[in-house]
Amino acid sequence: MENRPALEDIYAETLAVFTDSDEPTAPRTTPEVAAELDCGRRATHKRLQQLVDTGELRTKKVGAGARVWWRPVEVDPPDQRRLRELLTNAERLGDVGAWEYDIDEDEVFWTDGARRIHGVDSDYEPELEAALSFYHPEDRPTMRRLFEACVETGAPYDVEIRLITAADEVRWVRISGEAISEAGHALVRGYLQDITAQKQHERLLESQRADLEVLNSLNAVVRRLTDAVIDQSTRSEIEAATCAQLGGAEPYRFAWIATIDPVTLSLVPSVEHGCEGYLEDAELTSNPTEPGGKGPAGRAVRTQEMQLVRDVYEDPYFEDWLDLADRYGYRSMAAIPIVFEETLYGALGIYSERVGAFGRAEREVLEGIGEIVGHAIAAVERKQALLSDEVVELAFRIDDTDGRVGIPASFEASFDFDTTLSLGDGAFLVYCTATEVDRAGIESLAELRQLQYIEEVTVLGRTNDGCELAVEMVDPPILSTVASLGGYVSNVTITDASTTMTVHLAADRDVSGAIDRITSVEPDVEMLRRRQMTRPAKSLGQLLQRLPDSLTDRQRAVLEAAYFMGYFDWPRESAGPEVADSLGVSSSTFHQHLRKAEAKLLDAVFQ
């Protein structure tokens, strides 16, 4: 024991069982040592294992589960023990371990590093089958084949493979093995390294590259989709173009659009691209009490928010459609409500073969698609309402005009709306003709500071029985709702502290649903009448709608604003900068749009 570091008392006491014996090199079993120490077997085993780790003892497994310990003839010198400690620390820092299989003795040896990677105790000694059983079930046949080939033919191997630790954690390891001969023993010796963090980083980079490719492809699809949707003149054409662009895009397998039956709440197929018959097979509904309403499509309709399933086999609510997933070949899907200004036009379904599709950036792009399509459908329906001679006329009464809007109870007037321009962000510019009121009454109204929704009232000119006005409004509840429904307000009459509003909607839309929407935006809104009528085309706005379809919304707005503000009169009642200011655009932008609109208008007249 000379020149050796002093052992702790318990280890010195344990070592003395061997050194103080007449036969210090004779093997002893754990129970024999425990009896001499008067100590428990488990505690004795831990002491003996520590003495093996420090090089004071040697050990070997015998029989089915027994082990013997003995004092070697020559104990490792201090520098060799220090080297062993350094190697142990190096294993720990590098997440590496070593192993050895004695072919002749059928024994497996693991270093501390190998035990740590496998997640077992420091005294764990595996059998061969137990060692192989740590590998992932999908990788175990490969591991067994490589190991057995090395044993039988000496073929070395170096492979990246998965193992499952004693704590059921999946780790990636790089493991090597080679056949050697040492002191007359045939051995297979190898090393393994925990490369889980490296694999995770590689998968992250691969996922990011894949997401970037999908995002670039999707952005290109959205640009094509936007152009295609704008070019369509009917709702069915918009829906067909949407599904064709998305269902035919590389990241996705197929797409569909469905409307919602207001009575049964079922999703009615409108367009299917690449999945003809899918919606009929899926039996989707927005009714949460039915099986078909528990999936993502039903939830998207009810919440008016996008719903995702990134792996259909992991979503418990998707169980009813797993057979369809196999048949149609998809692993993930997104259900997107088609909504514009709180009006639900239907649902869009997009399906992909990718597991884990629809990451954060992809979701943000797809959410915008629902609004793009909803806006296009709303614009088409609004245009159809203006073009159609057959309309549904609705009249509503709202009490307490003073309290709601700030218009005094003594004020009375009737306003015929000539045209309403949407300026975006909830702002509207209304050109109307006021009757049953003099200019002084209108000017006094314009000077009021307590008005709600009304930003500015400008008198454009006189008529025989009233005034022509331009009224700037911000977030007017009923006007905004009617516009989102594809309709327009034709008249507002204020009398006896109440307001009567006349609304026109396209005859083919869901009028009952529209009435519910309008009456819900303000308290105590009462519907007075409903009738279907054929209306004459009389306003410039309606004539403009009937002329060139090639006019953009901005060109039409500029042309109408210029007309109603007297830009074309001589002398001009409003100059170009005034009209541009009312529209919130620059003077140069106004003139550019106006010239293009005039050219298209003249083409429609003379060609």
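Start at 1 with the first residue, then count along the sequence.
Considering all non-hydrogen atoms of both residues, A300 and A335 come closest at CB-O, 3.6 Å. Closest of all the heavy-atom pairs between Y157 and C150 is CE2-CB, 3.9 Å. Contact detail for A347 and W256: the closest heavy-atom pair is O-CZ3, 3.5 Å. For the pair V309 and P296, the tightest heavy-atom approach, listed with the atom from each and the gap, is CG2-CG, 3.8 Å. When all heavy atoms are compared, the tightest approach of A580 to F590 is CB-CB, 3.6 Å. The heavy-atom pair separating D475 from D425 by the smallest distance is OD1-O, 4.3 Å.
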Side chain to side chain contact (heavy atoms under 4.5 Å, CB included) between R529 and T502, intermediate numbers included:
CA-CA 9 Å; R529 68 176 182 274; T502 303; 4.0 Å; yes
Given the rule in the side chain to side chain contact (heavy atoms under 4.5 Å, CB included) test, do R554 and V585 qualify, once you have shown the distances and angles that lead to the verdict?
CA-CA 10 Å; R554 178 58 71 181; V585 299; 4.0 Å; yes
Between R171 and T165, does a side-chain hydrogen bond (donor to acceptor under 3.5 Å, both in side chains) hold up when you go through it step by step?
CA-CA 7 Å; R171 292 184 180 177; T165 69; 5.1 Å; no
V430/F417 under side chain to side chain contact (heavy atoms under 4.5 Å, CB included): CA gap, chis, key distance, verdict
CA-CA 7 Å; V430 178; F417 282 35; 3.5 Å; yes
Kindly determine whether L192 and H118 satisfy side chain to side chain contact (heavy atoms under 4.5 Å, CB included), including the steps that lead there.
CA-CA 10 Å; L192 73 161; H118 285 80; 3.6 Å; yes
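D281 has a carboxylate O that lies under 4.0 Å from a charged side-chain N of R327, or vice versa, which qualifies the two as a salt bridge. Under the 4.0 Å criterion applied to side-chain N and carboxylate O atoms, E314 and R331 are not assigned as salt-bridge partners. Salt bridge R235/E239: present, at least one basic N to carboxylate O contact under 4.0 Å.
Although no hydrogens or angles enter the test, the distance criterion places no donor-acceptor pair under 3.5 Å between the side chain of D194 and the main chain of V173. Distance alone, capped at 3.5 Å, places no donor-acceptor pair between the S422 side chain and the F428 backbone. A side-chain donor-acceptor contact under 3.5 Å links R299 to the backbone of K294. At least one donor-acceptor pair under 3.5 Å links the side chain of R404 to the backbone N or O of D399. Side chain of S332 to backbone of R354: a donor-acceptor contact under 3.5 angstrom is found. At least one donor-acceptor pair closer than 3.5 Å links the side chain of R363 to the backbone N or O of F358. When atom types are taken as modelled, the side chain of E272 and the backbone of G277 share a donor-acceptor pair closer than 3.5 angstrom.
By the 4.5 Å heavy-atom criterion applied to side chains, L394 and L505 are counted as neighbours. L583 has its side chain within reach of L423: a pair of non-hydrogen atoms, C-beta onward, lies under 4.5 Å apart. In this structure, I175 and L163 have side chains that are not in contact, with every pair of non-hydrogen atoms separated by 4.5 Å or more. Using a 4.5 Å cut-off on side-chain heavy atoms (C-beta onward), P476 and V405 make no contact. Using a 4.5 Å heavy-atom cutoff, the side chains of L559 and E598 are in contact. Put simply, the side chain of Y488 does not reach to within 4.5 Å of the side chain of T420, judged on heavy atoms. Annotation: side chain of F564 is not in contact with side chain of S582 (no heavy-atom distance under 4.5 Å).
The environment of K199 atom NZ is dense: over 12 non-hydrogen atoms of other residues, nucleotides or ligands sit within 6.0 angstrom. Under a cut-off of 6.0 angstrom, the local environment of CD in E148 is crowded, with over 12 non-hydrogen atoms contributed by other residues, nucleotides or ligands. In the displayed structure, D323 atom CG is contacted under 6.0 Å by more than 12 heavy atoms of other residues, nucleotides or ligands.
Interatomic distance, CD of E138 versus CZ of R162, reported as 5.0 Å (0.5 Å rounding). To the nearest 0.5 Å, atoms CG (L246) and NE2 (H273) are separated by 9.5 Å. Atom CZ of F396 sits about 8.5 Å away from atom CG of L528, to the nearest 0.5 Å. With rounding to the nearest 0.5 angstrom, the OH atom of Y135 is 11.5 Å from the CZ atom of R144. Separating the CD atom in E526 from the OG atom in S498 is a distance of 10.0 Å, to the nearest 0.5 Å. A distance of 6.0 Å separates CG of L284 from CG of L279, quoted to the nearest 0.5 Å.
No option in H504, Q532, R530 other than H504 meets the side-chain hydrogen bond (donor to acceptor under 3.5 Å, both in side chains) test with E393. When the options V392, D516, L485 are evaluated for a side chain to side chain contact (heavy atoms under 4.5 Å, CB included) with V511, the one that passes is V392.
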Output side-chain donor-acceptor pairs under 3.5 Å for residues 258-269, partner residues at least two apart or in another chain, one line each.
| residue | atom | partner | partner atom | Å |
| --- | --- | --- | --- | --- |
| D261 | OD1 | V263 | N | 2.8 |
| D261 | OD1 | T264 | N | 3.1 |
| T264 | OG1 | S266 | N | 3.3 |
| T264 | OG1 | S266 | OG | 2.8 |

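Here the two rings, on Y278 and Y328, have centers that are under 6.0 Å apart.
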